[in-house]
Amino acid sequence: MSLFIPQTPYNGPVQAVVLDWSGTAVDHGCMGPPDAFVNVFEQYDIQISISDARQFMGLEKKEHVRRLCRMPKVVSQWQETYHRTPDDDDLNLVYQQLEIMMVATIADHAVPIQGLLPFVAALRDQGIRVGSCTGYTVPIMDALVFESAKYGFSPDCIICASDVPVGRPFPWMCYQNAIGLQAYPFESMIKIGDTLSDIMEGLNAGMWTIGVTQSGNELGLSSDQVQDLTPEDLDHRLAAIESRFREAGAHYVVRGIWECLPVIEEIGRRLANGDHPLKRNVLAAADSPVEN
């Protein structure tokens, strides 16, 4: 078999879309994970807020715990309670308890976000493969995938942070999706997610990247809570999120998966004209401030 080395810009169709899970495909507002983080730290007499927990959403969950353990408010409480700073053994214990909690609760947040199922059906009608990736580990995803299938959502590929050496913002989960979906080159693929680390992951992988605002972690509201906002308040909040996503480099920003199909079609037209995603030469480091 000869090695395929493209000599001209890719001008073929969109081949695959890689979806994040909570806040993008299921669980409007990404409501499941923050409660688990708050509850697990409470077991150690450490108080964190929902807002604290949301700061690092999208990262692999052990790294998420590590970031929380570095927060000054957590360090000071740990010192007061245990007379020392949290170490790796503490981190591992918190993480183990977190995974148990999340396996038990995340399956309760498997309802597809408005528009997901028609979106996936439309992609498949066009021959576009549907991948997915997540900061969850395999045990957590086993429970979530089982429940989401009952609602009709079963992507063609599922990659967890625990399947690769390092999670977001590194591109390895996107690359594993490319392998699993047999999609190439990377500019024929689109990453859709609701966190800054999702966006950096897609950019680092050389894919088109779409940020989701209204249904995601950044807004952090259920669909019912969104309805309680005035249109002016909602627009103001979403504009701030969109600004952060644009600054991080997202090619497109939408309110939810229900707005994504026209964007996919536009990207297809751009590819046909020889356009491609903006190149990113520097891989975002694990300590990058652009992560949420």
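Residues: numbered from 1 along the sequence shown.
Contact of the Leu234 side chain with the Leu219 side chain is registered, since non-hydrogen atoms from C-beta on lie closer than 4.5 Å. In this structure the side chain of Val26 never reaches within 4.5 angstrom of the side chain of His109, judged on heavy atoms. Taking the side chain as every heavy atom from C-beta outward, Leu221 and Arg237 approach each other to under 4.5 Å. Residues Leu19 and Phe119 form a side-chain contact, since some pair of their non-hydrogen atoms from C-beta on lies under 4.5 Å apart. The side-chain heavy atoms of Thr230 and His236, taken from C-beta on, include no pair separated by under 4.5 Å. A heavy-atom distance below 4.5 Å is not found between the side chains of Val212 and Ile257. Using a 4.5 Å heavy-atom threshold, the side chains of Val120 and Leu116 count as touching. For the pair Leu261 and Gln126, the minimum side-chain heavy-atom distance is below 4.5 Å.
Of all non-hydrogen atoms in Gly32 and Asp27, the two that sit nearest each other are N-OD2, 3.0 Å. Nearest heavy-atom pair, Ser215 versus Gly23, reported as atom, atom and distance to 0.1 Å: OG-O, 2.8 Å. The two atoms that bring Pro9 and Gly274 nearest to each other are CB-O, 4.0 Å, heavy atoms only. Heavy-atom minimum distance, Asn177 versus Met189: C-CE, 4.4 Å. Pairing each heavy atom of Pro13 with each of Ser188, the nearest pair is O-CB, 3.8 Å. Residue Ala143 comes nearest to Val103 through the heavy atom pair CB-O, 4.0 Å, listed as atom of the first residue, atom of the second, then distance.
Both Val38 and Leu91 are assigned to one and the same hydrophobic cluster, defined by single-linkage of ILVMFWY side chains at heavy-atom distances under 4.5 Å. Tracing side-chain contacts under 4.5 Å through hydrophobic residues (I, L, V, M, F, W, Y), one reaches Ile50 starting from Leu59; they form part of the same cluster. Ile48 and Val75 fall into different hydrophobic clusters, where Ile, Leu, Val, Met, Phe, Trp and Tyr side chains are chained together by heavy-atom contacts under 4.5 Å. Under the 4.5 Å side-chain heavy-atom criterion for grouping Ile, Leu, Val, Met, Phe, Trp and Tyr, Val111 is not connected to Val145 through any hydrophobic cluster. Hydrophobic clustering places Trp78 together with Leu93 (ILVMFWY residues linked when any side-chain heavy atoms are closer than 4.5 Å, directly or through intermediates).
Panel note: side chain Asn39, backbone Asp35; a donor-acceptor pair is recorded below 3.5 Å. Asp194 places no side-chain N or O within 3.5 Å of a backbone atom of Gly211 that could act as its donor or acceptor partner. Checked by atom type and distance alone, the side chain of Ser76 pairs as donor or acceptor with a backbone atom of Pro72 at under 3.5 Å. Panel note: side chain Arg129, backbone Ala16; no donor-acceptor pair is recorded below 3.5 Å. The closest donor-acceptor contact from the side chain of Thr213 to the backbone of Val254 lies under 3.5 Å. With hydrogens and angles ignored, the 3.5 Å screen pairs no side-chain donor or acceptor of Thr24 with any backbone N or O of Trp21. A donor-acceptor contact shorter than 3.5 Å links the side chain of Trp208 to the backbone of Glu187. Of the possible polar contacts, none joining the Asn273 side chain to the Asp275 backbone as a donor-acceptor pair under 3.5 Å is found. Side chain of Ser148 to backbone of Phe153: a donor-acceptor contact under 3.5 angstrom is found. Not one N or O on the side chain of Asp163 forms a donor-acceptor pair closer than 3.5 Å with the backbone of Ile159.
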Walk me through whether Glu201 and Lys191 qualify under salt bridge (charged side-chain N to carboxylate O under 4.0 Å, His left out). CA-CA 8 Å; Glu201 175 188 34; Lys191 170 65 197 298; 2.4 Å; yes

Residue pair Cys260, Ile192: steps toward the side chain to side chain contact (heavy atoms under 4.5 Å, CB included) verdict: CA-CA 9 Å; Cys260 282; Ile192 305 177; 4.0 Å; yes

Trace of the side chain to side chain contact (heavy atoms under 4.5 Å, CB included) decision for Gln77 with Phe41: CA-CA 11 Å; Gln77 290 180 73; Phe41 275 92; over 6 Å; no

Residue pair Gln15, Ile128: steps toward the side chain to side chain contact (heavy atoms under 4.5 Å, CB included) verdict: CA-CA 5 Å; Gln15 295 187 33; Ile128 299 173; over 6 Å; no

The test is side chain to side chain contact (heavy atoms under 4.5 Å, CB included); show your working for Arg124 and Asp156 and say whether it passes. CA-CA 10 Å; Arg124 288 178 170 154; Asp156 304 317; 2.9 Å; yes

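A donor atom on one side chain and an acceptor atom on the other are found under 3.5 Å apart for Glu99 and Thr137. A donor-acceptor contact closer than 3.5 angstrom links the side chains of Ser22 and Tyr136. Between the side chains of Tyr95 and Glu63, no donor N or O sits under 3.5 Å from an acceptor N or O. Between the side chains of Lys62 and Asn92, at least one donor N or O lies within less than 3.5 Å of an accepting N or O. For the residue pair Thr195 / Asp198, a side-chain donor-acceptor distance below 3.5 Å is found, with atom types taken as modelled. Remark: the Tyr44 side chain and the Gln97 side chain contain no N/O donor-acceptor pair separated by less than 3.5 Å.
Residue Glu247 places its CD atom among 12 or fewer non-hydrogen atoms of other residues, nucleotides or ligands, all under 6.0 Å distant. Around atom CZ of Phe146, no more than 12 heavy atoms belonging to other residues, nucleotides or ligands sit under 6.0 Å away.
Taking the six-membered ring wherever Trp is involved, the centroid distance between the rings of His276 and Tyr10 does not fall below 6.0 Å.
The CD atom of Glu259 lies 9.0 Å from the CD atom of Gln114; values are rounded to the nearest 0.5 Å. Residue Asp142 holds its CG atom at 12.0 Å from CD of Glu147, rounded to the nearest 0.5 Å. Note that the CD atom of Glu242 and the OH atom of Tyr252 stand 13.0 Å from one another [nearest 0.5 Å]. If you take CE on Met57 and CG on Asn217, they are separated by 4.5 Å, rounding to the nearest 0.5 Å. A distance of 10.5 Å separates CD1 of Ile199 from CD1 of Ile210, quoted to the nearest 0.5 Å. Expressed to the nearest 0.5 Å, how far OG of Ser223 lies from CE of Met31 amounts to 9.5 Å.
Taking 4.0 Å as the cut-off between side-chain N and carboxylate O, Asp52 and Lys73 count as a salt-bridged pair. A salt bridge is defined here as a Lys NZ or Arg NE, NH1 or NH2 lying under 4.0 Å from an Asp or Glu carboxylate O, and Asp90 with Arg84 meets this definition. Salt-bridge formation is not detected for the pair Glu60/Arg168: no Lys NZ or Arg NE/NH1/NH2 atom is positioned less than 4.0 Å from an Asp or Glu carboxylate oxygen.
The aromatic rings of Phe37 and His64 lie parallel to each other, with less than 30° between the two planes, well short of the 60° mark.
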